[in-house]
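Inspection log for the structure reproduced underneath, given as structure tokens.
Sequence lines set the chain letters: A, B, ... in the order given, protein chains first and strands last, and positions in each chain run from 1.
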Protein chains: 2
Amino acid sequence: MPEYIQPLVTVDSVLFTVVEDNLKVLLVQRSIEPFIDSWSLPGGFVDPAIDSTTEDTASRKLAAKAGIHPNYLEQLQTFSGANRDPRGFAITVAYFALIAHQQTSTHVETVHDAEWIDYDDIEHLDMAFDHKLIIKTAYERLQQKALYSMLPVFCLPELFTISQLKQVIEAIIGKEVQRKSLIRRIEKSEMFTETDSKVATGKRQAQLYTLKPDANIFHFERNMSL
Amino acid sequence: MPEYIQPLVTVDSVLFTVVEDNLKVLLVQRSIEPFIDSWSLPGGFVDPAIDSTTEDTASRKLAAKAGIHPNYLEQLQTFSGANRDPRGFAITVAYFALIAHQQTSTHVETVHDAEWIDYDDIEHLDMAFDHKLIIKTAYERLQQKALYSMLPVFCLPELFTISQLKQVIEAIIGKEVQRKSLIRRIEKSEMFTETDSKVATGKRQAQLYTLKPDANIFHFERNMSL
DNA sequence: GGAATAGTGTCTGTAAGACAGTATATC
DNA sequence: GATATACTGTCTTACAGACACTATTCC
């Protein structure tokens, strides 16, 4: 066992969603020092009595602060340093998560003090700790993964159309993609089933797809170009 | 500040090298409980008085336990859990690192109790904590990166030939690669300079390459196939 | 029919895989 | 010259990008 003081350990999550054409991040306004009233990521201290891993902490805090159970949650990176937190050497295990805005909107806006903020506006915001850096790191990871996998489907509800998928991907990577390329990738990945229902959002009715229950995230051998 | 007990925080590194055709990992034999006499990864507790980040802890421990300053060091992942360590809820920030065996061999074998173990032998070894899992995770990351970047150069000395690079890549990914593909990638990446010296290892003399001083790791848009 | 959205056919471009062919060294 | 290693030329293959074309629905 170490003789010296152990670092503080917190867990924070960068939860993304896409609304219309905009990538958004869930933030909460701090009610305690340090950085009172600044925006920060939803998170908190690990409680070894409840959490069996830090992933549990991440889930628990997202549920508590915004009533959200994300479709996708993965560990991002751990941030550490002597000067990140005025209280001393601090370690933050950061997670990144995805959800469909359809699964969340009412809950977040009414009951809690959490808010969806446009990713592009975060740059100019007053953010606690190094949370701006954490969000930027999470975004870069999400963007990269969007280029070689179908991860963005986790920003969609259970049933979705190719146009919806196209829209979330474009919001994430910030560039138009070819519908044809998407269709080829949907087939290649074998992650989805065409349902027998269609939906009329625009003019012609669109085929609805759904993620196979046991689907693994397929990694394509080539990236889409940025 | 949290009222409850904070988790234990350690830092461990998975240091790889390639000797001949074999991928090796640096392990140390534990001299204290728990898991006394089992093999484990080189690492230890964060000391906030010395380390300004957990990366510093990783470097410091590699230097102390094996006198090694790796060519490459990146954060791998953080492992956490209530049952990983008999002493309580424990968090391990794991790093993965690369070095050329030419830069290390004498030091490790004589002065310290650290030892290079064949990656393929680790499966059957008596390993402390969940270090087997950590090593497997590190290997998967290294293998993936070898498919879309020139990361394996960090397993080579300053001057190296294409054949040497081919050899380390093949040891890492476990498959032959086309020499031609490598040459194309070396050019495309613009990470290297052809030196004006050549070396005679086999029959015809081979061109020596070296990493540019300010080189960033280039990410290719396509993976090599496994 | 016109307009808007959904979906297909197919050509081009790029980079990896395969492999034959050439070059340079040692004996 | 024989052989082994280093290096080049070039054909094939896979898949993303581009974009014209067809299909279906609403008005």
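- At a threshold of 4.0 angstrom between heavy atoms, the contacts of B:Thr161 with the nucleic acid are absent.
- Using a 4.0 Å heavy-atom distance criterion, B:Glu221 is classed as making no nucleic acid contact.
- Within 4.0 Å (heavy atoms only), A:Arg185 reaches sugar-phosphate atoms of the nucleic acid but no base atom.
- Legend: residues meeting side-chain contact (heavy atoms from CB on, under 4.5 Å) with A:Arg141, ordered by chain and number and at least two apart, are A:Glu74, A:Leu76, A:Phe96, A:Lys145.
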Donor-acceptor contacts, no H, no angles, side chain residues 206-226 of chain B, under 3.5 Å, sequence neighbours left out:
{"from": "B:Gln207", "atom 1": "NE2", "to": "B:Thr195", "atom 2": "O", "distance (Å)": "2.5"}
{"from": "B:Thr210", "atom 1": "OG1", "to": "B:Glu158", "atom 2": "O", "distance (Å)": "2.9"}
{"from": "B:Lys212", "atom 1": "NZ", "to": "B:Glu190", "atom 2": "O", "distance (Å)": "2.9"}

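- Side-chain N/O atoms of B:Ser225 include none lying less than 4.0 angstrom from OP1 or OP2 on C:dA16.
- Rounded to whole Å, atom C1' of C:dT24 lies 14 Å from atom CD of B:Gln207.
- Within the 4.0 angstrom heavy-atom criterion, base atoms lie near A:Arg179.
- Partners of A:Tyr119 under the side chain to side chain donor-acceptor pair (under 3.5 Å) rule, at least two apart in sequence or in another chain, do not exist in this structure.
- Considering only side-chain N and O atoms, B:Ser163 lies nowhere under 4.0 angstrom from the phosphate OP1 or OP2 of D:dT5.
- Contacts of residues 140-150 of chain A with DNA chain D (heavy atom under 4.0 Å): none.
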Side chains of residues 20-27 of chain A: which donor-acceptor pairs under 3.5 Å do they make with residues two or more places apart or in other chains?
{"from": "A:Asp21", "atom 1": "OD1", "to": "A:Gln167", "atom 2": "NE2", "distance (Å)": "3.1"}
{"from": "A:Lys24", "atom 1": "NZ", "to": "A:Asp118", "atom 2": "OD1", "distance (Å)": "2.4"}

Report all interatomic pairs (protein N or O, nucleotide N or O of nucleotides 19-22 of chain D) with separations under 3.5 Å.
none

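- Counting to the nearest Å, the C1' atom of C:dT5 and the CG atom of A:Leu182 are 16 Å from each other.
- The side chain of B:Arg222 approaches C:dT14 more closely than any other nucleotide in the set C:dT14, D:dT10, D:dC7.
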